[in-house]
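Data first, discussion second: the structure below is written as structure tokens.
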Amino acid sequence: MVTAKLFSAFVAIASLVDCGVNAFDDNAARSKAVYQVVTDRFALTDASASPTCDTEDRVYCGGTWKGTEEKLDYIKGMGFDTVWISPIVQNINTTKNKLGEAYHGYWTQNIDVLNSHFGTEADLKSLVTTAHSKDMYIMVDVVVNHVAATNGQNFQADSSYGPFNITSRDFHSFCWVEDYTNQTQVETCWLGDENVALPDINTEDTSVVSTWNNWIKSLVSEYDFDAIRIDTVKHVRQNFWPDFVSSAGVHAIGEILDGDPAYIAAYQNNSMNSVFNYPLFYAIDTAFNSTSASMSQVVSALNNNRIQFKDTTLLGNFISNHDNPRFESHVSDIALRKNALAMIYGVEGIPYIYYGQEQGYTGGADPANREALWLSGYDTQKEMYTYITTMNAIRGAAMNASSTYNNNQATIIGQDEHNLVIRKDPVISIVTNRGSKASNAGMSITNTGHSSTELLDAVSCTTYTTDSSGAFTASIKSGLPAVFIPSSQKGNLCGTTTAATTSSPASAGVREVAYSSFVLAGMISVIALCLF
Ligand SMILES: *[C@@H]1O[C@H](CO)[C@@H](O)[C@H](O)[C@H]1NC(C)=O
Ligand SMILES: *[C@@H]1O[C@H](CO)[C@@H](O)[C@H](O)[C@H]1NC(C)=O
Ligand SMILES: *[C@@H]1O[C@H](CO)[C@@H](O)[C@H](O)[C@H]1NC(C)=O
Ligand SMILES: *[C@@H]1O[C@H](CO)[C@@H](O)[C@H](O)[C@H]1NC(C)=O
Ligand SMILES: *[C@@H]1O[C@H](CO)[C@@H](O)[C@H](O)[C@H]1NC(C)=O
Ligand SMILES: *[C@@H]1O[C@H](CO)[C@@H](O)[C@H](O)[C@H]1NC(C)=O
């Protein structure tokens, strides 16, 4: 009897656990590290092939779901557990003035058919199954706002849009979105241009709404996707999204391409789990762009986000993606690149890394930022591959050490024009935009929360010991970031470590004056934090 009860309890628990293996709730989502691929550019089915791929041609270069599946270990090797893939549905094959192909997947023709350029239904299912077998997750990109037309605005000349009826009220009548401050226009007019018009779906129509909700529900269950990324969210009425997201039944992150936290926050507050952190992106993109930029805008972005968003720990943090010029296209200094990445890992939120960052890709505005990754040879010895691995490993060790790490907000415990000290227990990060030519500097760090503790800077593999008040003097070399975690919690980080030798601050670097203003600023911000 007892045994039978125990057994059925066990079965019940086991089935619960099984249900939770794939799709993630908010709490699980916070622990994820996401790697974004452009499916067509990430990996080929034939791993021995290496065709050229001129991004300016805007044509399919041959990447497939099978290719992505075969390269999951390359992704996992950096510590990512989630892969965001391009939209999977059938796209238009021709455009009005032969302006390239839909290799990116954002030019929908029929949502009920797969894009055969990327493979078959079996290939896609195999990608998901293999990912799950490696404790990895697949986030699928979906476009709801529009389809694409092959005949400019004369979309009725296209024969079919799958379930959407050309002759009915399934589309908004034609007008271009021209005034982005007019939300009605943003939601009901069309994106695109005369070459590739993007007919705007009438997401006010009840049968369109139920078509979308049923579609996303069956798509997620058919392919066992774990999360969705939603394109052009602000171009659909905000109250469309809650039912769509709950029909999906998985974590949803939305793209609202706007730097105003109040505008974007409304979407997280009212519509979906997460949104991309464009306000922080713009601030980082500028602050780490040059050694003369100021760090203060990053602090403002963080503070403003916390005022506006319901939950900043769920935001998607990034410095590069397929829509913006790669951060690396305008910043060649590796120290600045490393600092910008340390910044997104140092604060709350979910890190999103765009394929190619680990290989030092530098493509500018679309289409230049969609380079073929096979041309890199998937070199796992590259400096940024190793660095990103370290960033994910520090985060992993911190999660192991603290069950609240993912829910902790970061606090700025030191700040001046060019340096920030960020505390997100148990991790302390120092980021700087002084650049790789900067002289070495000692920085006095207080309020670490770790008293008389050996801390490891997992970037340089150097150890420090804090005093009983939790203070220590960190040594910053070549403008690199430093990320500290108690040595006792370091997990697999840094096989061998060296004890820091610099005990006197400002020896060769930051002058005493600059140094004290740094400490002062730190104290001021600590006091400010205590007040609020
Ligand atoms: C586009 O081309 C692919 C490959 O030739 C084909 O399978 C698909 O049906 C075409 N799509 C459309 C919308 O015609
Ligand atoms: C906003 O755009 C809509 C649709 O184009 C238009 O009807 C309306 O007049 C615009 N409103 C303002 C205030 O410009
Ligand atoms: C398209 O038309 C068909 C036939 O009238 C109808 O069953 C279907 O619901 C329509 N689709 C949408 C999305 O309105
Ligand atoms: C980065 O600096 C360059 C050169 O000073 C400038 O042209 C560019 O606009 C800057 N970009 C950002 C995002 O600040
Ligand atoms: C979002 O919700 C938070 C609290 O839940 C609130 O403080 C904030 O003002 C809201 N933001 C917007 C833009 O509605
Ligand atoms: C976290 O802990 C697990 C289980 O002890 C261990 O396998 C893993 O390597 C740790 N992760 C890191 C990044 O230290």
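These values consider heavy atoms only, across backbone and side chains, with no hydrogens, waters or symmetry-generated copies. What you are looking at is a predicted structure, and each value in this text was computed from that prediction instead of being measured. Note that ligands are numbered from 1 as they come in the structure, with each ligand's atoms numbered from 1 the same way.
Using a 4.0 Å cut-off between heavy atoms, Asp285 contacts ligand 4 through both its backbone and its side chain. Residue-level proximity to ligand 1 for Asn91 is carried by the backbone, the only part with a heavy atom below 4.0 angstrom.
Under the 4.0 Å distance rule, the nearest protein heavy atom to atom 11 (N) of ligand 4 falls inside the cut-off. Distance remark: protein heavy atom not present below 4.0 angstrom from atom 4 (C) of ligand 4. Of the protein's heavy atoms, at least one falls inside 4.0 Å of atom 14 (O) of ligand 4. In this structure, atom 7 (O) of ligand 4 has no protein heavy-atom contact shorter than 4.0 Å.
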- request: I would like to know whether Asn165 and Thr167 meet side chain to side chain donor-acceptor pair (under 3.5 Å); could you show each step before the answer?
  value: CA-CA 6 Å; Asn165 300 309; Thr167 52; over 6 Å; no

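Applying the side chain to side chain contact (heavy atoms under 4.5 Å, CB included) test between Ile230 and each of Ile253, Val143, Val275, Val245 identifies Val245 as the sole match. Here the rule is side chain to side chain donor-acceptor pair (under 3.5 Å) with Thr150, and of Asp158, Asn93, Thr95, Thr94 only Asp158 fits it.
Among protein heavy atoms, atom 2 (O) of ligand 1 sits closest to Asn93 ND2, 2.3 Å. What sits closest to atom 1 (C) of ligand 3 on the protein, heavy atoms only, is Asn165 ND2, 1.4 Å. Counting protein heavy atoms only, atom 9 (O) of ligand 1 is closest to Gln90 NE2, 3.4 Å.
Not a single donor-acceptor pair under 3.5 Å links the side chain of Asn110 to the backbone N or O of Gln90. With Ser332 contributing its side chain and Glu328 its backbone, the two residues share no donor-acceptor pair below 3.5 Å.
Classification of Lys125 and Glu121 as a salt-bridged pair holds, one side-chain N sitting under 4.0 Å from a carboxylate O. Using a cutoff of 4.0 Å between basic side-chain nitrogens and carboxylate oxygens, Arg326 and Glu371 are scored as salt-bridged. Ion pair Glu255/Arg229 flagged as a salt bridge, since at least one NZ, NE, NH1 or NH2 atom sits closer than 4.0 Å to an Asp/Glu carboxylate oxygen.
Checking only distances, Asp170 does come within under 3.5 Å of ligand 3, N or O to N or O. At a 3.5 angstrom cut-off on N or O pairs, Pro163 counts as close to ligand 3. At a 3.5 angstrom cut-off on N or O pairs, Ser116 counts as close to ligand 1.
Near Gln109, meaning under 4.0 Å from one of its heavy atoms, ligand 1 places the atoms 13 (C). Every atom of ligand 3 with a heavy atom of Ser207 under 4.0 Å away is listed here by number and element: 12 (C), 14 (O). Within ligand 3, the atoms closer than 4.0 Å to a non-hydrogen atom of Thr211 are 13 (C), numbered from 1 in the order shown. Taking every non-hydrogen atom of Asn289 and a distance limit under 4.0 Å, the qualifying atoms of ligand 4 come out as 1 (C), 2 (O), 3 (C), 8 (C), 10 (C), 11 (N), 12 (C), 14 (O).
Looking at Glu187 and His172, their side chains never bring a donor and an acceptor atom within 3.5 Å of each other.
Taking the ring centroids of Phe171 and Tyr161, they lie under the 6.0 Å cut-off.
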